[in-house]
2 protein chains.
Amino acid sequence: MAETGIDSTDPADPGEVAGLDELDRLDRTQLAISFERVFTLVRRLNPQGDISLTAASTLRTLERHGPYRLSELAATEGVTQPAMTQLVSRLEKAGLAQRCADPADGRVVVVRIADAGRELLLARRAARAEKLYELLSALPPADRAAIVAALPALDRLADLLPS
Amino acid sequence: MAETGIDSTDPADPGEVAGLDELDRLDRTQLAISFERVFTLVRRLNPQGDISLTAASTLRTLERHGPYRLSELAATEGVTQPAMTQLVSRLEKAGLAQRCADPADGRVVVVRIADAGRELLLARRAARAEKLYELLSALPPADRAAIVAALPALDRLADLLPS
DNA sequence: ATAGTTATATCACGCACTTATACAAAGGTT
DNA sequence: AACCTTTGTATAAGTGCGTGATATAACTAT
């Protein structure tokens with residue numbers, strides 16, 4: 001909300017600028033629109049009729065960070081605990097995840113991804129990667145380079161979210 | 001333009017070099033993972049309890065490209081025609097869109113976004129832009145610069161999808 | 001033990017999608 | 001003209017996936 005007004009530094013300085021200046025000079029609405037459009041793009045690249053967005057995201061979380069308690073998982077994915085209970089039941093029935101007991105606390109359910117879950121993620125990822133690659137191949141080289149150059153930064157951006 | 005200075009890529013100027021070579025040198029799986037993570041990021045930034053993802057996407061389509069026939073809209077959004085009929089009914093009841101008749105063809109329903117729909121998109125976008133800005137502000141300047149530099153390319157990437 | 005808290009499960013419900021089908025308008029054939 | 005076929009939208013029935021309220025089992029403290 002607050003206008004930062006960091007633009008006081010000379011915007012023409014080419015060498016080591018490109019920090020918040022660049023960002024402030026950009027319309028923030030345009031920033032949101034670009035991210036919305038990427039979001040829609042990835043959503044359309046999603047294999048339909050597969051598993052739900054939340055299911056896929058949950059599997060990815062389990063893949064990235066290892067086993068989670070059920071309620072932790074619910075909080076991380078932004079759904080209620082009953083929703084996660086049902087989701088884990090579905091994943092378990094599909095053989096994609098497993099419920100494990102916590103020896104230290106009999107109430108706790110620890111959820112871990114199963115091999116079939118990892119394989120499903122791999123398959124989805126391969127399909128999406130292929131489509132993305134095709135799309136990128138249709139872009140001008142400079143655009144491809146800009147996107148590839150931004151990938152590590154986008155990864156670090158995603159790291160900033162609580163997960 | 002901004003010197004990106006991304007660590008994992010060629011530090012040379014992106015304009016002339018870094019075409020498909022850069023892309024091929026990258027693990028395609030890593031490409032998919034990065035896009036997945038951005039997807040999840042934007043999804044978590046979504047105002048919850050608002051309207052559905054499809055509803056928001058449909059409103060954005062109507063905002064970007066103007067009125068659509070109902071069945072065209074269904075095809076564009078990747079849902080069935082009955083689903084779009086129901087969605088448009090909901091949007092209409094909420095005052096976010098309008099059904100109009102086509103004078104040339106009595107069967108056709110033309111859908112257009114209403115003022116309240118535009119305002120809702122503006123509000124959502126502003127909220128998301130604010131959160132995105134905060135996240136970006138926490139990144140190192142070089143990362144911010146890389147992401148900002150990639151936005152036009154990402155826009156053109158999104159243009160490649162049929163919409 | 002008893003009471004209170006915590007972790008998960010279950011219940012009742014609603015939204016948003018699906019397929020199958022109905023209905024109305026347009027177009028073509030004779 | 002009347003008749004079929006095609007096309008665009010709506011309706012119906014069923015399902016997946018979410019919600020809030022509440023039940024049940026296990027841990028904790030006194």
Side-chain angles (χ1 to χ4, degrees), chain A residues 39-40 43-44 46-62 67-112 117 120 124, chain B residues 39-40 43-44 46-62 67-112 117 120 124:
Chain A
F39 176 79
T40 299
R43 198 162 88 98
R44 303 240 171 109
N46 223 35
Q48 305 251 355
D50 201 6
I51 58 181
S52 73
L53 291 182
T54 307
S57 175
T58 301
L59 282 180
R60 280 197 297 270
T61 297
L62 293 173
Y68 265 63
R69 293 172 150 210
L70 196 144
S71 47
E72 280 178 344
L73 207 48
T76 299
E77 297 299 325
V79 299
T80 59
Q81 172 266 312
M84 188 52 69
T85 291
Q86 297 178 60
L87 173 55
V88 169
S89 297
R90 270 177 270 133
L91 292 176
E92 202 174 26
K93 181 177 291 186
L96 304 173
Q98 296 160 353
R99 273 186 171 86
C100 307
D102 182 345
D105 189 335
R107 299 166 299 181
V108 168
V109 166
V110 175
V111 185
R112 68 170 59 241
L120 178 65
R124 288 169 56 91
Chain B
F39 176 79
T40 298
R43 197 163 88 100
R44 302 240 170 108
N46 224 32
Q48 305 236 346
D50 202 5
I51 56 181
S52 73
L53 291 181
T54 306
S57 175
T58 301
L59 282 180
R60 281 197 296 270
T61 297
L62 293 173
Y68 264 65
R69 291 173 153 214
L70 196 145
S71 46
E72 281 178 344
L73 208 46
T76 299
E77 297 300 325
V79 298
T80 59
Q81 170 266 312
M84 188 51 68
T85 291
Q86 296 175 42
L87 172 54
V88 169
S89 296
R90 271 177 270 135
L91 292 176
E92 202 174 25
K93 180 176 290 187
L96 303 174
Q98 297 161 352
R99 274 187 171 88
C100 307
D102 182 344
D105 190 334
R107 300 166 296 182
V108 169
V109 166
V110 175
V111 186
R112 68 171 59 240
L120 177 66
R124 287 169 56 91

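A quick note: this is a predicted structure, and the numbers were derived from the prediction, not measured. The figures here come from the full heavy-atom set of this structure, side chains too, leaving out hydrogens, waters and symmetry mates. In what follows, every chain begins at residue 1, and chains take the letters A, B, ... in the order their sequences are listed.
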Return the value, rounded to whole Å, for the distance between atom [atom1] of [X] and atom [atom2] of [N].
{"X": "B/Leu53", "N": "C/dC15", "atom1": "CG", "atom2": "P", "value": "17 Å"}
{"X": "B/Asp102", "N": "D/dT7", "atom1": "CG", "atom2": "P", "value": "17 Å"}
{"X": "A/Arg69", "N": "C/dA9", "atom1": "CZ", "atom2": "C1'", "value": "16 Å"}
{"X": "A/Tyr68", "N": "C/dA7", "atom1": "OH", "atom2": "C1'", "value": "17 Å"}

Could you list the residues that satisfy side-chain contact (heavy atoms from CB on, under 4.5 Å) with [X], not counting sequence neighbours?
{"X": "B/Ala94", "result": "B/Leu96"}
{"X": "B/Thr40", "result": "A/Ser57, A/Arg60, B/Arg44"}
{"X": "A/Ala101", "result": "none"}
{"X": "A/Asp105", "result": "A/Arg69, A/Asp102, A/Arg107, A/Val108"}

Please list, pair by pair, any protein nitrogen or oxygen found under 3.5 Å from a nitrogen or oxygen in nucleotides 22-24 of chain C.
none

- Judged by nearest nucleotide, the residue sitting upstream toward the 5' end of DNA chain D, A/Pro103 or B/Val108, is B/Val108
- Query: Could you write nucleotides 11-24 of chain D as a row of B, S and -, 5' to 3', where a protein heavy atom under 4.0 Å of any base atom gives B, of only sugar-phosphate atoms gives S, and otherwise -?
  - Reply: B-----SBBBB---
- Which residues satisfy the side-chain hydrogen bond (donor to acceptor under 3.5 Å, both in side chains) test with A/Thr85, sequence neighbours excluded? A/Gln81
- Item | Smallest separation among heavy atoms of B/Leu73 and B/Met84, with atom names | O-CE, 3.7 Å
- Pairs involving residues 83-98 of chain B, ordered by first then second residue, that meet salt bridge (Lys or Arg N to Asp or Glu O under 4.0 Å) (sequence neighbours left out): B/Glu92-B/Arg99
- Considering only D/dA10, C/dA9, C/dA25, which nucleotide approaches the side chain of B/Asp105 most closely? C/dA25
- salt bridge (Lys or Arg N to Asp or Glu O under 4.0 Å) partners of A/Glu72, counting only residues at least two apart: none
